[in-house]
Amino acid sequence: MKIGAPKEIAPGEARVALTPESALQLQKLGHDCFIEAGAGKAAGFDDAAYRDAGVSIIDGGAKALWDAVDTVIKVREPYEEEAHYLHKGQTLISFFWPAQNEAMLETCKGQGASVIAMDMVPRISRAQKMDALSSMANIAGYRAVIEAGNNFGRFFTGQVTAAGKVPPAKVLVIGAGVAGLAAIGTATSLGAVVRAFDVRPEVSEQIESMGAEFLFLDFDESQDGSETGGYAAPSSPEFREKQLECFRAQAPDIDIVITTALIPGRPAPKLWLEDMVEAMKPGSVIIDLAAEKGGNCDLTKPDERVVSDNGVVVVGYTDFPSRMATQASLLYATNIRHMVADLTPEKDGVVVHNMEDDVIRGATVTHQGEITYPPPPPKVKAIAAAQPKPKEKEPTPEEKKAAELASFKAQTKQQVSLIAVAAALLLAVGLVAPASFMQHFIVFVLSVFIGFQVIWKVAHSLHTPLMSVTNAISSIVILGALIQIGSSSLLITVLAAAGIFMASINIFGGFLVTRRMLAMFQKS
Amino acid sequence: MVYGFTIATYVVAAVLFILSLGGLSGQESAKRAVWYGAVGMAIAVIGTLIGPGQGLWPASLVLIALGAAVGYQLANRVKMTQMPELVAIMHSLVGLAAVIVGFNADIMINTIADIYTANDLVFGAVGADGYTAIGLPQQINDGLSSFGQLIAKKSSVEITILRVELVLGIWIGAVTFTGSIIAYGKLAGRVNTAAQKLPGGHLLNAAAAIGSLVLVFAYLGGAGSWTLILLTLLALFIGYHLIMGIGGADMPVVVSMLNSYSGWAAAAIGFSLGNDLLIVVGALVGSSGAILSYIMCKAMNRSFISVILGGFGGPSGPAAEIEGEQIAIDANGVAAALNDADSVVIVPGYGMAVAQAQNAVNELTRKLRAAGKEVRFGIHPVAGRLPGHMNVLLAEAKVPYDIVLEMDEINDDLSSTDVVIVIGSNDIVNPAAQDDPNSPIAGMPVLEVWNAKQVFVCKRGQGTGYSGIENPLFFKENTRMFYGDAKSSIESLLPQID
């Protein structure tokens with residue numbers, strides 16, 4: 001199978017769908033690779049590098065390449081003119097956005113080509129390696145922080161220097177998808193104080209794992225992300241109000257806002273309103289990663305950097321991945337390569353367009369002259385449904401008091417009954433036993449009592465020394481043997497002598513070994 | 001009192017013993033505390049030697065010196081991994097000593113009774129007040145040893161109580177004696193560690209216990225000393241059979257239980273000798289052992305009775321099926337993960353002790369800490385074969401004790417930990433205890449290592465732990481099995497950590 005990548009014709013697009021590295025891998029799958037001359041230049045791969053990797057360079061322009069290959073791999077969705085290059089039986093793999101590009105879908109169908117949309121790869125574990133949205137979002141998130149740093153006049157990290165104290169930058173990330181999490185990670189590693197918000201409470205753990213603080217919104221109706229394949233869904237007006245209130249409170253304190261909130265198939269929700277921008281300090285930066293879909297911020301203008309009246313910079317670039325073209329191309333080409341690998345299960349260069357496969361079926365939007373979008377829901381759910389957390393009712397003060405009282409009463413009851421039983425037993429013993437016994441018995445009971453009080457305080461780590469020391473002192477039975485050894489009876493003397501000997505082994509052995517153990521405990 | 005001074009030394013010794021146990025609440029004060037105990041013991045022995053124990057005192061001193069020499073050798077030769085065995089075997093000595101002292105008391109009672117008969121007097125007869133014993137004529141009394149005098153002036157009620165006490169002392173001492181020897185054998189690997197019972201099982205124990213009770217009444221009824229000997233034999237059997245029936249995993253409970261018994265035996269002997277210091281110390285040791293047993297049982301979520309009766313109760317339903325497979329990893333993989341990690345928690349178990357891996361573990365800890373990583377240890381209360389076993393081993397390897405934490409201290413932190421290394425422990429990290437209500441260990445508190453980002457289990461092979469329960473942890477997605485001997489496995493990691 002011949003696979004080729006044309007030069008991207010979208011203005012400003014620097015990425016390329018084939019890198020020398022991915023070409024090598026594709027060849028291992030039995031495919032021949034082609035590239036339009038100069039296609040990788042903007043991403044930092046010149047023709048010589050491709051040639052070294054065994055890629056054939058097509059000089060005659062885009063049309064020549066489209067004609068020469070069976071499968072075209074691209075980054076951006078095809079332009080009208082490109083779509084017309086498609087011929088029957090050809091396959092196109094690229095971003096496509098079928099929901100927004102219905103006309104293009106028709107055109108491609110008309111040309112009889114199969115189109116695999118990289119943005120339609122279902123979000124299941126098996127397909128992660130070809131999830132180009134995630135890999136691009138990752139880059140966007142990283143780049144957003146770098147872009148913010150570029151526009152922000154201060155350090156990210158807090159420092160105390162001889163020239164004065166620098167407070168750390170405070171960053172708010174709205175939307176903790178892949179891009180948001182990447183932004184959180186980058187900002188925290190630069191030393192900023194990062195807070196993050198997401199409508200899906202289950203991502204709080206991910207946010208906290210990246211080192212940011214999750215802005216918790218106290219609201220009953222929470223979304224279960226698993227229902228929507230891990231994406232956010234639109235929220236109710238009440239929820240939105242609560243959310244905006246939370247952001248409004250944050251605005252004066254925050255230096256950098258990075259918004260990444262998108263809802264699949266809808267314009268981006270407006271989350272950072274004009275009054276919040278006004279409340280921010282001059283010199284603050286807003287990076288709107290949702291600019292392409294209209295932006296999360298009121299002031300966002302797609303592809304532009306605007307400065308508000310109060311000196312807040314609002315960046316609405318839509319080409320963050322393209323601004324890191326080398327990295328983006330490497331990752332995207334790898335995603336494409338994995339997709340092709342799934343299409344050639346036998347690794348023999350023969351493409352099998354298996355419409356039974358969840359991933360391939362999901363990503364295919366036109367096939368054999370038919371539009372196959374939207375796909376049926378995948379058989380495997382993207383992520384496990386969140387376990388509904390059993391909600392514990394916050395007890396009212398009265399209930400608390402009542403519970404405390406009840407437990408106090410129960411404790412008292414238990415203690416009193418214990419004491420009563422013990423006292424009754426003691427008295428019963430006292431009725432029959434002579435006074436001489438009772439004197440010793442008092443000593444015994446008190447000693448048990450002291451023992452219980454003292455031993456509970458012993459540290460867990462010292463339980464072994466405790467055993468060896470109690471072992472040593474329980475050899476106090478030596479006193480009995482010592483008293484008996486002077487007896488007139490030979491038998492008693494011999495037995496007592498044996499007792500003394502054994503007990504003294506125990507005394508010395510026990511104390512010495514305890515001392516040895518304790519000497520080993522050292523502080524760091 | 002003639003021996004007022006001796007009593008005074010006993011008071012001092014008792015206070016020192018209490019301080020000694022109380023001092024074990026912290027590592028630093030413990031170093032002082034052990035000296036309190038030793039000094040207390042010395043004072044008590046000296047006080048006895050110049051008081052009621054002055055008969056044949058040179059012989060006593062020689063015997064003590066001999067015992068000291070043996071004890072010194074023992075204490076210095078023993079390896080820290082053998083600590084459980086040492087403690088167990090020393091308990092047996094206390095038990096035996098208690099039996100001996102008890103028998104001596106019985107012999108002395110008979111001797112005194114003979115003297116009474118020879119003088120045509122009634123042993124234990126009371127005087128006009130109906131309470132004080134008449135006792136022997138002055139010149140005969142003076143001829144007796146101090147212990148003899150003590151018995152000679154007892155009334156008949158007191159004699160009966162004395163007999164009850166010494167029977168108790170002998171019985172508990174004998175159980176402790178054989179029990180400790182079996183525990184020693186199991187811990188040292190000389191006796192099969194699996195729970196074993198003779199045919200008849202607990203019925204045999206029950207029969208022996210009832211037999212003992214019958215013999216006690218026979219003895220108190222004046223049947224003679226043969227009952228006492230028979231009783232001792234029965235007690236020896238109970239000790240043997242009871243501990244044989246308890247599996248190796250329950251040894252922490254067994255050892256602390258025997259510790260407790262040796263204390264109660266000493267207390268019982270103290271009663272029969274009328275010696276308050278023995279009573280005090282016996283009570284202290286007895287309650288200490290009882291508390292330790294309680295803590296150990298609690299840590300295993302088992303009742304004391306079920307431990308004593310041995311073996312696990314049958315599961316209430318089929319254990320949950322475990323899906324997935326155990327994925328092995330080599331030293332390179334573990335080392336790479338460790339190099340990437342910021343926080344590491346090590347969970348040692350009996351396997352570390354068996355492989356003598358504590359020094360390698362310390363070396364690993366040192367290297368990881370030098371690389372700026374946070375390394376901590378999570379110790380389950382029943383890890384090892386003795387309460388606090390792991391702490392002692394780690395201390396021996398010079399792991400600083402302030403990074404060695406208890407289960408409750410570290411459980412909450414495990415979810416934010418990058419790498420957990422489980423070295424030779426199994427049941428104490430078994431998630432089935434929480435997830436599977438049918439598991440035999442359901443409800444036992446465990447270290448929640450599976451919450452960490454990555455878990456490496458250092459283990460000899462694929463077998464189950466002491467309890468024979470499958471461990472779903474080994475099948476989890478974030479778990480990798482690092483097979484091999486713990487010591488050589490950890491050592492193979494060392495050169496790769498930087």
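Everything quoted here is computed from the prediction, not taken from an experiment. A note on names: the letters A, B, ... follow the listed sequences, proteins ahead of strands, and every chain is numbered from 1. No hydrogens, no waters, no symmetry mates; every other heavy atom, side chains included, goes into these values.
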- Item | Heavy-atom donor-acceptor pair, A/Gln484 side chain to B/Val101 backbone, under 3.5 Å | yes
- Message: Can you tell me which portion of B/Met390 sits under 4.5 Å from chain A's heavy atoms? Options are side chain, backbone, both or neither.
- Response: neither
- Task: Would you indicate whether the side-chain heavy atoms of A/Ser504 and B/Leu63 approach each other to under 4.5 Å?
- Result: no
- Query: If you measure from CD1 on B/Ile107 to CG on A/Leu491, what distance do you get to the nearest 0.5 Å?
  - Reply: 4.0 Å
- Query: If you count heavy-atom pairs under 4.5 Å with chain A, which of B/Ile279, B/Leu49, B/Leu24 comes out on top?
  - Reply: B/Leu24
- Query: Given a strict heavy-atom distance threshold of 4.5 Å, which part of A/Phe441 is in contact with chain B: side chain, backbone, both, or neither?
  - Reply: both
- Side chain, backbone, both or neither: which part of A/Ile478 has a non-hydrogen atom closer than 4.5 Å to chain B? side chain
- Looking only at A/Val445, A/Ile492, A/Leu462, A/Val477, most heavy-atom pairs under 4.5 Å shared with chain B are made by A/Ile492
- Note on the structure: For B/Ala75 and A/Gly509 the tightest heavy-atom approach is CB-O, 3.7 Å
- Message: Quick check on B/Leu162 against chain A: is it the side chain, the backbone, both or neither that has a heavy atom closer than 4.5 Å?
- Response: neither
- Would you mind telling me which of A/Val469, A/Val443, A/Ile483 has the largest number of heavy-atom pairs within less than 4.5 Å of chain B? A/Ile483
- Do any N or O atoms from the side chain of A/Arg516 and from the backbone of B/Val78 form a donor-acceptor pair under 3.5 angstrom? yes
- Message: Quick check on side-chain contact (heavy atoms from CB on, under 4.5 Å): which of A/Asn471, A/Ile473, A/Ile476 does B/Val285 satisfy it with?
- Response: A/Ile473
- Which of the residues B/Leu66, B/Ile161, B/Thr111 is involved in the greatest number of heavy-atom pairs with chain A at under 4.5 angstrom? B/Ile161
- Message: Quick one, A/Met517 and B/Val34 - any side-chain contact, counting heavy atoms below 4.5 Å?
- Response: no
- Item | Top contributor to chain A contacts, counting heavy-atom pairs under 4.5 Å, from B/Leu273, B/Ile64, B/Leu284 | B/Ile64
